[in-house]
2 protein chains.
Amino acid sequence: MVEPGAAAAWRNAAAEVAATSDENALELVELFFFAYRDFVGDADRLLGNYGFGRAHHRVLHFVNRRPGLTIAALLDILRITKQSLNRVLKQLLEAGFVEARAGVVDRRQRLLFPTPLGGTLARDLAALQSARFLKVMEELPPAARGAASEFLFAMIDSDERERVRAHLACAKAAGDAP
Amino acid sequence: MVEPGAAAAWRNAAAEVAATSDENALELVELFFFAYRDFVGDADRLLGNYGFGRAHHRVLHFVNRRPGLTIAALLDILRITKQSLNRVLKQLLEAGFVEARAGVVDRRQRLLFPTPLGGTLARDLAALQSARFLKVMEELPPAARGAASEFLFAMIDSDERERVRAHLACAKAAGDAP
DNA sequence: AGATTTATGTCAATATAGTTGACGTAAATA
DNA sequence: TATTTACGTCAACTATATTGACATAAATCT
């Protein structure tokens, strides 16, 4: 039980709360809060340089990850109203970080693409957040690494998982080509 | 590779993104976003019944988990300004969900406690969010359960982990007594 | 061809949650 | 006594979201 070193110490603390009791579930609730709090903080400084906020970040991120995304698909991902999306999207379009082209099969749709400028910012932001995950994966014992992503996937509403999985597959395919 | 069943399918998908490459870190970023999006959604309906929002939830949660919390400690946890805290805290005080007592050792401090009413709501809200974790833990292979909390802990800023660990220990102690 | 639905844009009002800045007060401390 | 600390408060502002109503062009149905 008494291992030396801070890393071992917090690992003990973490393992201690892993059991499936109510009390320990509560501790996971708090860990999730703190983890997300720090996670989203990473990108904020960089965004401030461009006069953008987190809402712009989310839009830019998903447009960059899934070029050709429609408005409807983006609304579905973000779970906000079109009026709310429109404000930040308009700013991203006007500032030249995102561009919209009429859909080829359905010309009512506006397909969203990152501009080179937008792609660069999206990658810079993504690098910040990826860095946290890469560091975490290094810190974690190899056996726990797959578990982390299984855990996150299981945290998603069960009726949403298929959609998320499709999104990830689509983003991966988009990332392979260019 | 070809296992039957949806559970096996998404487990494969999750395991696939677990490697420590940049591309896969990006997928973890998105999984984290989706997981948190669904996680915070759970409590919103219940909060609406009381005319409260997420800000109230966070305050009530931490006051309930750590009775006798000072304003300064709460500000440190939430990372917001005192003006922003004051608005929601005042509402919780006036509505009788939280009460403040002058500190005994330092009478400038206001120690925050949940009222019976506040404690009940806090537990109802916590039950909703705990339920998600308990369900996830059931879905996950036992070996992955400890890994989930290790992962969340590792996602916290390293210079914040000691504080969070102290907070968890304190909350646990507070939860044991009553 | 005409009617309807769909995808999207937009105007307006409002709510919630946060910010910065300035100032006040009571209690602890040097 | 002077200063610092813990907290409260007024004001103006920003960011992000909401609901509701209405507009338009393109696709689709009958």
Side-chain angles (χ1 to χ4, degrees), chain A residues 33 36-37 40-41 43-63 68-95 98-113, chain B residues 33 36-37 40-41 43-63 68-95 98-113:
Chain A
F33 167 78
Y36 197 78
R37 180 195 68 175
V40 296
D44 284 357
R45 220 180 15 171
L46 182 53
L47 285 163
N49 297 343
Y50 294 84
F52 292 146
R54 288 179 193 174
H56 304 86
H57 184 188
R58 290 194 284 267
V59 171
L60 183 59
H61 173 92
F62 285 109
V63 168
L69 200 65
T70 65
I71 301 288
L74 192 47
L75 289 177
D76 186 60
I77 288 172
L78 299 176
R79 296 261 179 93
I80 57 176
T81 58
K82 63 179 175 177
Q83 295 90 329
S84 191
L85 170 60
N86 206 253
R87 179 181 45 86
V88 300
L89 181 56
K90 203 188 287 186
Q91 290 169 357
L92 286 168
L93 288 164
E94 283 168 2
V98 170
E99 67 176 16
R101 305 173 202 158
V104 278
V105 39
D106 183 339
R107 280 176 33 203
R108 289 171 306 182
Q109 293 182 326
R110 297 176 78 199
L111 309 186
L112 303 172
F113 296 86
Chain B
F33 167 78
Y36 197 79
R37 180 195 68 175
V40 295
D44 285 357
R45 221 181 15 171
L46 182 53
L47 285 162
N49 297 342
Y50 295 83
F52 292 147
R54 288 180 193 173
H56 303 87
H57 184 189
R58 289 194 283 267
V59 170
L60 183 59
H61 173 93
F62 285 108
V63 167
L69 199 64
T70 64
I71 301 287
L74 192 47
L75 289 176
D76 187 59
I77 287 171
L78 298 175
R79 299 261 181 90
I80 56 176
T81 58
K82 64 179 175 177
Q83 294 91 329
S84 191
L85 171 60
N86 205 252
R87 179 174 42 81
V88 300
L89 180 57
K90 202 189 290 185
Q91 290 169 358
L92 286 168
L93 288 164
E94 284 168 1
V98 170
E99 67 175 17
R101 306 174 201 157
V104 278
V105 40
D106 183 339
R107 280 174 35 203
R108 290 171 306 180
Q109 293 182 326
R110 297 177 79 199
L111 309 186
L112 303 172
F113 296 86

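To find a chain, count down the sequence lines: A is the first, B the second, and so on, and within it residues start at 1.
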Item to check | Nucleotide nearest B:Q109 (side chain, heavy atoms from C-beta), chosen from D:dA15, D:dC7, C:dA7 | outcome: D:dC7
Next on the checklist: Between C1' on D:dC7 and CG on B:L69, what's the gap in Å once rounded to a whole number?
Outcome noted: 14 Å
Next on the checklist: I need the CG-P distance between A:L78 and D:dT16, as an integer number of Å.
Outcome noted: 12 Å
Checklist entry - Which of the following nucleotides, D:dT18, D:dC7, D:dT16, is nearest to the side chain of A:I80? => result D:dT18
Item to check | Summary of protein contacts for nucleotides 20-30 of chain C, nucleotide by nucleotide, where a base hit scores B, a sugar-phosphate-only hit scores S (4.0 Å, heavy atoms) | outcome: BBB----BS--
Checklist entry - Can you tell which of D:dT16, C:dT10, C:dT8 lies closest to the side chain of A:T70? => result C:dT8
Checklist outcome for this item: Sorted by chain and number, sequence neighbours left out, side-chain hydrogen bond (donor to acceptor under 3.5 Å, both in side chains) with B:R108 holds for B:D106
Checklist entry - Rounding to a whole Å, what distance do you find between A:Q91:CD and D:dA15:C1'? => result 10 Å
Next on the checklist: Applying side-chain hydrogen bond (donor to acceptor under 3.5 Å, both in side chains), can you list everything that pairs with A:Q91, at least two apart in sequence or on another chain?
Outcome noted: A:H56
Next on the checklist: I need the CG-C1' distance between B:L74 and D:dC7, as an integer number of Å.
Outcome noted: 13 Å
Item to check | Integer-rounded Å distance: C:dA17 C1' and B:L85 CG | outcome: 12 Å
Checklist entry - Between B:I71 (CD1) and D:dT9 (C1'), how many Å, whole number? => result 13 Å
Item to check | Residues that A:Q83 engages under side-chain hydrogen bond (donor to acceptor under 3.5 Å, both in side chains), provided they are two or more places apart | outcome: none
Checklist entry - Using a heavy-atom distance cut-off of less than 4.0 Å, which residues of residues 51-61 of chain A contact DNA chain C? => result none
Item to check | Residues in ring-ring contact (aromatic ring centres under 6.0 Å, His included) contact with A:Y50, at least two apart in sequence or another chain | outcome: A:F97
Item to check | side chain to side chain contact (heavy atoms under 4.5 Å, CB included) involving B:K82 - partner list, sequence neighbours excluded | outcome: B:L75
Checklist entry - Between B:R101 (side chain) and B:F113 (backbone), is there a donor-acceptor pair under 3.5 Å? => result no
Item to check | Contacts of type salt bridge (Lys or Arg N to Asp or Glu O under 4.0 Å), residue B:R79, not counting sequence neighbours | outcome: A:D38, B:E160
Checklist entry - In chain order, what residues pass the side-chain hydrogen bond (donor to acceptor under 3.5 Å, both in side chains) check against B:R87, with sequence neighbours excluded? => result none
Next on the checklist: Tell me the interatomic distance from A:Y50, atom OH, to D:dA15, atom P, rounded to whole angstroms.
Outcome noted: 18 Å
Checklist entry - Rounding to a whole Å, what distance do you find between B:R37:CZ and D:dA17:P? => result 13 Å
Checklist entry - Are side-chain heavy atoms of A:L111 and A:T70 found at a separation under 4.5 Å? => result yes
